[in-house]
Amino acid sequence: MDNFPGSGKITHSFFHKPRGAGKFLLQMRVLRVALEVPVAKLFDYLCDDTLPAEAGDRVVVAFGARERVGVVVEVGDGSVVASARLKPVTRVLADAPRLSPEWLEQMRFLSTYYQRPLGETVAGSLPPRLRSLKPLPKKRKLAQEEGAPERFVAGPAPNAAQTEAIEKVAAVLGTFRPFLLHGVTGSGKTEVYLRLIARAVASGRQALALVPEIGLTPQLEARFRQAFPGARISVLHSALEDTARTHAWLDAARGEAHIVLGTRLAVLTPMPRLGLVVVDEEHDPSFKQQEGLRYSGRDAAIQRAKLAGCPVVLGTATPSLETWQNARAGRYELLTLPERAVPGARLPAVRTVDLRTEIVEHGLAKTVLEAIRTRLARGEQSLVFINRRGYAPVLACEACGWAAGCQRCSARLVLHASDQRLRCHHCGAEEAIPRACPTCGNVDLKPLGRGTQRVEETLAGLFPAARILRIDRDNSRKRGELARTLEGIGRGEGDILVGTQLLAKGHDFPNLTLVCVLNADSSLLSTDYRSAERLFATLAQVGGRSGRREQPGEVLVQTRFPGHPMYQALLRHDYAGFAASQLAEREDAGFPPFVFEAALRAEATELAVTMAFLRAAARLLPTPDGVRIYDPVPHVITRRAGYERAQLVVQSHSRPVLQAFLAEWNAALPATAPGGLRWHLDVDPIEFD
Ligand SMILES: [Zn+2]
Ligand SMILES: [Zn+2]
């Protein structure tokens, strides 16, 4: 915790309060206030004994020509600023609960660890309404049915493995302990969460459940509401409209919500009686915030549980290697669900389809088409997975080799057939499809490669009687649209589903028995050392959508590398073997989780400026023992939205050594950055494109 500068009480008889209290000798206190301004410091304001301001209070203060809402982070007696120049706090807001010391402690931790100013961290962690001058909405009345949180409608009786997991966690409610719940797809992890939450809530505690994607919240929310008909459940994510989000936050902060369910930002919600934290699909990269305070929602959840003194359960079928390593080292207790929960349901049979020897029609192998045909005849659903939206990733001229590129990025434009546009998936730019090649005038431009729209078109041509549903970001933008589509699929709507990652996660489609994976090889060939881990997780997840009931499921993976160890491990459902080989490679190569990393990223309109800044940054401080600074390298997609991007990586085997260096570096860097250059530090980065 920061030490407050200054010592001894000071009194200000000269200081005139607007309320005319000037003639009394008032005990003045200095409030250090976090404001949402792009300056890396707290701001000092004065307040006398007549205002009951404490750390954690929201206050209105004058800042420049206007008023702002800030949060008191510390209260002290002195300031480095001459007291005559300090302004008084305008008023203290009492319309929301005071933020607790525990919450402020979490903010301090995040601010220090992720190298962001405390003011920005505190202000950015509140919903927009709480930091605006707009009054808060009137307190909601408790609905009558919300008064019996202990009512629990249990699902199917847990099997032995589920029971063991539940009892082990329930035994330490009231104590900090991290658990990894490693359960194969369909093993009933949600039932374990629900029963644990029931125990926590019945003992008067609040429970926090985090999911990686907004799209997953409606499904889980429905399940939670069914299980807890008498509980108050706060749902929190960034797409909520302002009033709903404010209510949900206030309910949690007042201790009135029994359960908080949300995406990563929900981990920043004050919960005075927090007694259990669950992180579902903990391996998911969406838990990492990619702007501002670049925190990991999963890691923040562990820290949160530590502060609250309660257990935290990380659930997944494919743990991140960081988490798996923590479990291997005994830092997390491993709980295993080795079998599917529905009696008789087995893991799907996974097979590779060799593209080098098969007959391939429009990108679809004969075996795959036959398998889809069989499912259609049986009235079962098939899922065709291709992680690329749009019609085709490239529009090219075969006469001269021209390909449509983005003006602002070093990337190709993706052809979207439904509205006849070319779009950049990196900066969002779009343009009309040219009538002819701008280089040679050839009018016969060809789409190369395949995205979801083209696969949908191909399948419609091959299976004209089938109902085909495409699910990707392009047709799931409207609020609630994705949830409705997924619900429909669950009820059996659609014979063939064509979809991206959006379809891969967590959903339960009882009638789905076949999953076909089209372009997996492209990520296998990526230079990112995390690509194999990601691909294994994605394929295990998407494959896990099939055969979740009595009919067995089948997964077909089209590939040119059927012998690749990643595919071989996938075929055997051998996560542990795959993880062991990946961890051995990482240890040899000196990658996380065996070292700790941070990335310094920069962008400017000229690459030379970006690189010069990074080179100067690397030499800025003497490199301490145990820290290694790598040479700067441009991103694979170097230019994005008109900026030339590059980064350098800093590593250490010791987290404290790295942290100490980053703090010093972060303080020195601003003076090195030329005007017009943007830079940031990313601690524990997971994206390197
Ligand atoms: Zn041409
Ligand atoms: Zn672009």
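Ligands are counted one by one from 1 in listed order, and the atoms in each one are counted from 1 as well.
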Taken by chain and residue number, the protein N/O/S atoms under 2.8 Å from the Zn ion (ligand 2) read C406 SG, C409 SG, C424 SG, C427 SG
Between F109 and Y113, how do the two ring planes meet: parallel, tilted or perpendicular, split at 30° and 60°?
parallel
Listed partners of F596 passing ring pair (Phe, Tyr, Trp, His ring centres under 6.0 Å), at least two apart
none
Taking only protein atoms, how many N, O or S atoms are found under 2.8 Å from the Zn ion (ligand 1)?
4
Salt bridge K288-D682, side-chain N to carboxylate O under 4.0 Å
yes
Sub-3.5 Å donor-acceptor pair from the side chain of Q453 to the main-chain atoms of A392, do we have one?
no
Check this for me: E687, atom CD, are more than 12 non-hydrogen atoms of other residues, nucleotides or ligands nearer than 6.0 Å?
yes
Could you tell me whether H635 and H426 have their ring centroids closer than 6.0 angstrom?
no
Suppose we screen for side-chain contact (heavy atoms from CB on, under 4.5 Å). Which residues come up paired with R68, at least two apart in sequence or across chains?
L35, V37, F63, R66
Answer yes or no: does atom CD of Q407 have more than 12 heavy-atom neighbours from other residues, nucleotides or ligands under 6.0 Å?
no
Using a 6.0 Å distance limit plus a 45 degree cone around the ring axis, check whether R586 lies over the aromatic ring of Y529.
no
